[in-house]
Q: 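Mind looking over this structure? Questions follow.
Side chains included, hydrogens not; waters and symmetry mates left out as well; all remaining heavy atoms used.
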Amino acid sequence: MKKIFCMALSAALLAGSMPAYAAEESLFTKTPHTFTARVGTTEFTKDGAAQPLDVPIYIKDGYVMLPLRTFMQALDADATLAWSNGTKLAEVTLHDFTLTFDINGNRIWAKSSQLPVFGQMEVKDGRVFVPLRDWEGVLKCFNRYIVDADALSWDAETKTAAVQLTELTAATANDTSSVKGTGEAAVFGIPLTDRYDDIKSIGGDYFIAEKYVNTDGDILGAPQEYENQQADWFLLNQQGKVLLQYSNKDVLRLRGYGDGFLRLNKRDGTSQILDMEGNTQFADDYHVIDSFSEGLAMVMDYKERKSGYINAKGEEVIPFSFYSADAFSEGLAAVGVDLPKEEGRQSAETRYGYIDKAGNWVVEPKYRRAFAFQDGLAKVEDTDRNIGYIDKTGKEVIPLRYNKITDFWNGKAFAQEKSGEVFLIDRTGKKLKSIITGEYMSGHGNGIISIEAEEQVAPGRVEYVKLYFDENGRVSEKDAEWRMRLSEGLAPYQDEKTGKYGYVGEDGTWVIAPTFDFARDFKDGYAVVSKKVTLANGKEDVQWGTVCHPI
């Protein structure tokens with residue numbers, strides 16, 4: 001939730017004024033709040049409700065002084081404060097952001113920068129006191145900003161400062177998940193076992209498992225720090241049968257490399273391409289960069305910094321003549337070549353086009369960027385950073401006129417004009433409807449986009465909020481989270497109540513009940529899962545296995 005507050009007041013008069021701002025709401029809802037502080041007493045209220053305060057409010061050097069902890073927790077109950085008596089430093093943390101109040105130095109630190117400070121902070125009666133005027137800068141750091149300043153008042157007779165605050169709540173603040181149902185028990189392909197410390201699907205009913213050496217075995221999700229851990233390696237079938245096994249003493253890494261191949265990196269620095277029976281197909285003297293796709297793999301000559309392609313026998317079939325090269329898709333591959341330096345141009349530039357499997361140009365290299373073909377179309381970007389789609393002849397099917405454009409999903413894509421307006425289009429480029437106007441559109445796959453939309457919430461200040469959309473309109477962030485992960489009609493999702501993972505279908509219904517502590521996407525009918533367990537000796541471990549697609 002984003003809340004934006006107005007706060008600026010001296011003890012005897014207003015510390016300046018701002019005109020009131022009223023606008024038609026669309027991205028935020030406005031909720032008024034009133035804070036009062038009576039000098040010389042412990043009377044501090046929010047919306048008429050007394051806030052816990054055991055030391056009196058006072059005036060120092062013309063500023064109203066308020067206790068740091070009480071004021072922060074009145075603003076947001078999630079605020080926490082840590083105090084170091086030796087250094088006289090107070091740290092306030094709210095929603096993963098921390099401010100440091102240096103009492104001795106009378107400084108307020110926001111990461112590496114300092115905030116403006118008015119008056120002198122101090123410790124009194126065992127509490128940290130901060131001048132009320134300082135809160136303007138403090139609140140900005142917690143995404144709370146001055147909105148209205150026409151409702152600030154000081155009652156000299158009662159010595160009471162009153163502050164009218166406007167809380168702005170972003171449209172996404174109350175986003176909830178629409179996931180429903182309970183789901184069925186999982187059917188396992190590879191039963192849960194603590195024999196391995198990680199399992200990854202490489203497709204085609206094959207899996208690579210690792211057993212780390214010299215660890216306690218309580219690894220969940222293969223954290224990054226274990227990527228270079230010594231391990232024994234196993235190739236498993238869909239039932240968990242060990243087909244190949246390699247010792248950490250000889251092997252550094254085993255990976256799937258597409259088209260039914262494996263890549264084996266040995267500790268002596270050599271590597272080999274194997275079939276699924278462990279037979280060496282060729283020594284990987286090229287140092288294969290990319291997995292095999294459609295029978296070819298991209299490789300690079302590191303000395304010449306040029307790329308080409310080899311076949312499944314390790315034979316060079318497309319010469320090393322490209323600056324960069326991508327995997328083949330639908331018979332074509334996007335490759336880049338360097339243009340020679342020209343007068344007025346300081347360095348060579350790269351242009352991208354498409355070649356066939358014989359290495360012949362099908363679409364000449366003239367684009368700044370080029371992406372893989374999908375269902376007969378490929379996204380390209382010209383030298384003016386305009387984006388559209390071409391077919392396999394190079395014809396512009398969707399004109400290169402957009403600022404951004406997504407991949408197609410169910411025959412539709414999102415395209416953003418230079419003006420910021422986002423449209424839903426079909427495969428011919430026809431605009432089906434306008435979605436929203438905003439900035440920074442991002443495509444997340446599976447027909448989901450996010451966009452940073454803006455609204456002027458006060459004169460001279462604009463606030464942003466990230467919104468998610470599908471082809472039908474806005475969706476909650478929580479629903480976008482699992483829909484982005486859909487693969488083969490199912491998405492791993494963490495149940496909000498139990499914290500466990502299961503799988504949700506395209507209609508938002510639990511299909512596999514949430515009982516796991518970690519879950520990966522489905523691939524060729526199986527998904528890798530794991531669960532924490534307590535062993536007989538009291539130690540924690542993690543069991544790994546796979547679940548079968550229920551359909």
Side-chain angles (χ1 to χ4, degrees), residues 189-293 295-303 307 309-316 327 518 520-521 523-524 526-530 541-546:
I190 300 175
L192 289 171
T193 174
D194 57 9
R195 180 178 180 183
Y196 309 111
D197 290 321
D198 191 19
I199 298 177
K200 290 186 176 71
S201 172
I202 60 173
D205 297 344
Y206 293 99
F207 303 85
I208 289 179
E210 301 173 59
K211 183 63 178 179
Y212 297 123
V213 179
N214 299 326
T215 69
D216 292 331
D218 55 349
I219 301 168
L220 184 65
Q224 187 67 35
E225 58 263 31
Y226 288 97
E227 283 296 314
N228 297 318
Q229 180 69 247
Q230 292 185 12
D232 294 330
W233 298 87
F234 306 84
L235 177 67
L236 313 177
N237 68 8
Q238 73 273 26
Q239 297 175 329
K241 180 181 178 181
V242 177
L243 305 178
L244 299 172
Q245 180 174 346
Y246 299 94
S247 169
N248 72 92
K249 296 179 180 180
D250 302 315
V251 173
L252 184 65
R253 180 170 297 179
L254 180 67
R255 291 288 184 266
Y257 250 64
D259 287 358
F261 293 106
L262 303 168
R263 183 183 182 185
L264 186 72
N265 293 86
K266 305 188 74 173
R267 292 197 175 277
D268 61 7
T270 63
S271 58
Q272 301 170 346
I273 300 300
L274 316 177
D275 63 18
M276 290 299 180
E277 295 179 353
N279 300 311
T280 300
Q281 303 303 292
F282 60 90
D284 182 17
D285 297 327
Y286 293 105
H287 301 297
V288 176
I289 300 299
D290 212 352
S291 300
F292 279 91
S293 176
L296 298 178
M298 185 273 285
V299 296
M300 175 180 286
D301 183 332
Y302 282 96
K303 292 182 180 180
S307 298
Y309 293 86
I310 59 172
N311 62 18
K313 297 180 181 180
E315 300 167 336
E316 179 184 319
F518 179 79
R520 289 195 171 111
D521 297 346
K523 187 173 185 178
D524 293 340
Y526 297 93
V528 174
V529 296
S530 63
D541 203 347
V542 177
Q543 294 181 334
W544 289 81
T546 66

Q: Would you check if Lys523 and Lys200 make a side-chain contact, meaning some heavy-atom pair closer than 4.5 Å?
A: no
Q: Would a distance-only check, ignoring hydrogens and angles, find a side-chain to backbone donor-acceptor pair under 3.5 Å from Asp259 to Gly295?
A: yes
Q: Does any N or O in the side chain of Asp524 come within less than 3.5 Å of the main-chain N or O of Asp205, such that one atom is a donor and the other an acceptor?
A: no
Q: With rounding to the nearest 0.5 angstrom, report the OG1 to CG distance, Thr546 to Leu192.
A: 9.0 Å
Q: Please report the C-alpha distance between Arg253 and Trp233 in whole Å, then the side-chain angles of each, then the deciding distance to 0.1 Å, and finally whether the side chain to side chain contact (heavy atoms under 4.5 Å, CB included) criterion is met.
A: CA-CA 7 Å; Arg253 180 170 297 179; Trp233 298 87; 4.1 Å; yes
Q: Run the side chain to side chain contact (heavy atoms under 4.5 Å, CB included) test against Ala527 and tell me which residues pass, sequence neighbours left out.
A: Tyr503, Phe522, Val547
Q: Apply side chain to side chain contact (heavy atoms under 4.5 Å, CB included) to residues Ile208 and Leu235 and explain how you reach the verdict.
A: CA-CA 5 Å; Ile208 289 179; Leu235 177 67; 4.3 Å; yes
Q: Taking Asn237's backbone N and O only, do any of them form a donor-acceptor pair with Gln239's side chain (distance below 3.5 Å, no angle check)?
A: no
Q: Side-chain contact test, heavy atoms from C-beta onward, threshold under 4.5 Å: evaluate it for Asn248 versus Tyr212 and give yes or no.
A: no
Q: Heavy atoms only: give me the nearest Val213-Asp232 pair and the separation to one decimal.
A: CG2-N, 4.5 Å
Q: Output the distance between atom CG (Leu274) and atom OH (Tyr257), rounded to the nearest 0.5 Å.
A: 12.0 Å
Q: Nearest 0.5 Å, what's the CD-CD1 distance between Gln281 and Ile273?
A: 9.0 Å
Q: What pairs with Thr193 under side-chain hydrogen bond (donor to acceptor under 3.5 Å, both in side chains), at least two apart in sequence or on another chain?
A: none
Q: Would you say the side chain of Leu262 lies within less than 4.5 Å of the side chain of Asp275, judging by non-hydrogen atoms?
A: no
Q: Less than 4.5 Å apart, side chain to side chain, heavy atoms only: is that true for Ile202 and Met276?
A: yes
Q: So, using side chain to side chain contact (heavy atoms under 4.5 Å, CB included) as the criterion, who are the partners of Ile199 when residues are at least two apart?
A: Tyr196, Phe207, Ala209, Val528, Trp544
Q: Leu264 and side-chain contact (heavy atoms from CB on, under 4.5 Å): which single residue from Leu244, Val251, Thr270 fits?
A: Val251
Q: Only counting residues at least two apart or in another chain, list the ones meeting side-chain hydrogen bond (donor to acceptor under 3.5 Å, both in side chains) with Gln245.
A: none
Q: What residues, two or more places apart in sequence or in another chain, satisfy ring-ring contact (aromatic ring centres under 6.0 Å, His included) together with Phe261?
A: Phe292
Q: Does Lys249 have any side chain to side chain contact (heavy atoms under 4.5 Å, CB included) partners at least two apart in sequence or in another chain, and if so, which?
A: Ser247
Q: Could I get the full list of side-chain hydrogen bond (donor to acceptor under 3.5 Å, both in side chains) partners for Asn311, not counting sequence neighbours?
A: Glu315
Q: Once salt bridge (charged side-chain N to carboxylate O under 4.0 Å, His left out) is applied, do any residues pair with Asp521, and if so which ones, sequence neighbours excluded?
A: Arg485
Q: Asp301 versus Glu316: any side-chain heavy-atom pair under 4.5 Å?
A: no
Q: For the atom pair CD1 (Ile190) and CD (Gln543), what is the distance rounded to the nearest 0.5 Å?
A: 13.5 Å
Q: Counting only heavy atoms from other residues, nucleotides and ligands, does the tally under 6.0 Å from OH of Tyr206 exceed 12?
A: no
Q: Please name all residues satisfying ring-ring contact (aromatic ring centres under 6.0 Å, His included) with Tyr246, sequence neighbours left out, ordered by chain then number.
A: none
Q: Suppose we screen for side-chain hydrogen bond (donor to acceptor under 3.5 Å, both in side chains). Which residues come up paired with Gln272, at least two apart in sequence or across chains?
A: Thr280
Q: Looking at every heavy atom in both Ser293 and Ala327, which two are closest together, and how far apart are they?
A: CB-CB, 4.1 Å
Q: Taking all heavy atoms of Gly189 and all of Tyr526, pick out the closest pair and write down the distance.
A: CA-CE2, 4.3 Å
